[in-house]
Amino acid sequence: NEKDKTKGEEVHEEIQRIRMTLRSKEVKPLEAACSEIVVRAKNQGFETKGPVRIPTKILRITTRKSPCGEGTNTWDRYEMRIHKRVIDIHCPSSVVKEITNFRIDPGVDVNLIVWKQ
């Protein structure tokens, strides 16, 4: 009887949509983390959507090369690109730890949002 109750709770826990937002300055580690997450989720039989590529945010800073302000006006242009991927997984929140239980590059930032449906 108790086993039936726990099975019912697992079915109740099942209906959750988890959105994972991954951000990074480099593309390769970001894509590697995305593909690993999708493969692990699909191996466990969960429905996944993504990775959806969000447009790259480019942060630009333009500065004068000369520290004193004299001389010809020469400029340095620096930019940092932030790449972003979104993955939606339909699974219980307890399984997310198993899916993400691998070494993700330190440069990749992972953010989780959980929706109850």
Side-chain angles (χ1 to χ4, degrees):
N1 234 359
E2 287 182 24
K3 286 183 181 178
D4 293 338
K5 287 180 184 175
T6 56
K7 280 185 182 176
E9 287 173 17
E10 284 178 353
V11 171
H12 180 70
E13 193 185 20
E14 200 78 29
I15 38 176
Q16 283 188 336
R17 192 173 94 217
I18 288 134
R19 174 164 283 178
M20 301 178 86
T21 309
L22 292 91
R23 289 185 308 206
S24 176
K25 290 186 263 179
E26 286 94 33
V27 177
K28 268 192 177 171
L30 180 68
E31 286 292 335
C34 284
S35 61
E36 183 68 26
I37 288 170
V38 169
V39 165
R40 283 170 171 254
K42 286 191 175 175
N43 283 347
Q44 293 186 13
F46 298 117
E47 183 189 339
T48 60
K49 286 193 176 109
V52 177
R53 287 156 182 85
I54 304 298
T56 305
K57 187 181 283 184
I58 301 174
L59 308 174
R60 288 192 180 95
I61 291 178
T62 308
T63 58
R64 281 282 304 271
K65 278 187 181 178
S66 167
C68 62
E70 276 187 38
T72 55
N73 294 348
T74 51
W75 298 84
D76 268 332
R77 293 183 205 85
Y78 298 102
E79 70 176 33
M80 181 169 70
R81 292 167 178 254
I82 298 171
H83 306 275
K84 195 171 174 183
R85 305 284 183 269
V86 175
I87 302 172
D88 283 337
I89 305 172
H90 295 271
C91 70
S93 53
S94 58
V95 181
V96 173
K97 193 160 188 167
E98 294 171 34
I99 293 172
T100 57
N101 193 13
F102 64 96
R103 194 181 172 284
I104 298 176
D105 195 87
V108 178
D109 176 43
V110 180
N111 198 356
L112 283 174
I113 302 170
V114 180
W115 279 290
K116 289 179 176 63
Q117 288 183 327

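Keep in mind that this is a model prediction, so the values were computed, not measured.
Here Asn111 contributes atom CG and Arg19 contributes atom CZ; the two are 11.5 Å apart, rounded to the nearest 0.5 Å. Distance check: Arg81 CZ to Glu26 CD gives 12.5 Å after rounding to the nearest 0.5 Å. In this structure, the separation between CD1 on Ile99 and CG on Asn43 is 10.0 Å, given to the nearest 0.5 Å. The distance from atom CZ of Arg17 to atom SG of Cys91, rounded to the nearest 0.5 Å, is 12.0 Å. To the nearest 0.5 Å, atoms CE (Met20) and OG1 (Thr48) are separated by 11.5 Å. Annotation: the span from Thr21 atom OG1 to Arg85 atom CZ amounts to 12.0 Å, rounded to 0.5 Å.
Across all non-hydrogen atoms, the minimal contact from Val38 to Gly50 is CG2-O, 4.3 Å. Minimum heavy-atom separation, Thr72 to Arg64: O-NH2, 3.9 Å. Gly69 approaches Ser66 most closely through the heavy-atom pair N-OG, 3.2 Å.
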Could you tabulate the donor-acceptor pairs under 3.5 Å formed by side-chain atoms of residues 101-109, not counting sequence neighbours?
{"residue": "Asp105", "atom": "OD2", "partner": "Gly107", "partner atom": "N", "Å": "3.0"}
{"residue": "Asp109", "atom": "OD2", "partner": "Arg23", "partner atom": "NE", "Å": "3.3"}
{"residue": "Asp109", "atom": "OD2", "partner": "Arg23", "partner atom": "NH2", "Å": "2.6"}

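Ile113 and Val86 fall into different hydrophobic clusters, where Ile, Leu, Val, Met, Phe, Trp and Tyr residues are linked whenever their side-chain heavy atoms come under 4.5 Å apart, directly or through other members. Hydrophobic cluster membership is shared by Ile87 and Val110, with clusters built from Ile, Leu, Val, Met, Phe, Trp and Tyr side chains linked at under 4.5 angstrom.
Salt bridge absent: Glu98 and Arg40 never bring a charged side-chain N and a carboxylate O closer than 4.0 Å.
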Test side-chain contact (heavy atoms from CB on, under 4.5 Å) applied to Met80 and Lys25, step by step: CA-CA 7 Å; Met80 181 169 70; Lys25 290 186 263 179; 3.3 Å; yes
Test side-chain contact (heavy atoms from CB on, under 4.5 Å) applied to Ile37 and Ile89, step by step: CA-CA 10 Å; Ile37 288 170; Ile89 305 172; 3.9 Å; yes
Worked check of side-chain contact (heavy atoms from CB on, under 4.5 Å) between His90 and Lys49: CA-CA 9 Å; His90 295 271; Lys49 286 193 176 109; 4.1 Å; yes
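The backbone N or O of Ser93 sits less than 3.5 Å from a side-chain atom of Gln16, completing a donor-acceptor pair. Side-chain atoms of Arg53 come within 3.5 Å of backbone N or O of Pro51 as a donor-acceptor pair.
In this structure, Leu112 and Val96 have side chains that are in contact, with non-hydrogen atoms separated by less than 4.5 Å.
Residue-environment remark: CD1 (Ile58) exceeds the threshold of 12 foreign heavy atoms within 6.0 Å.
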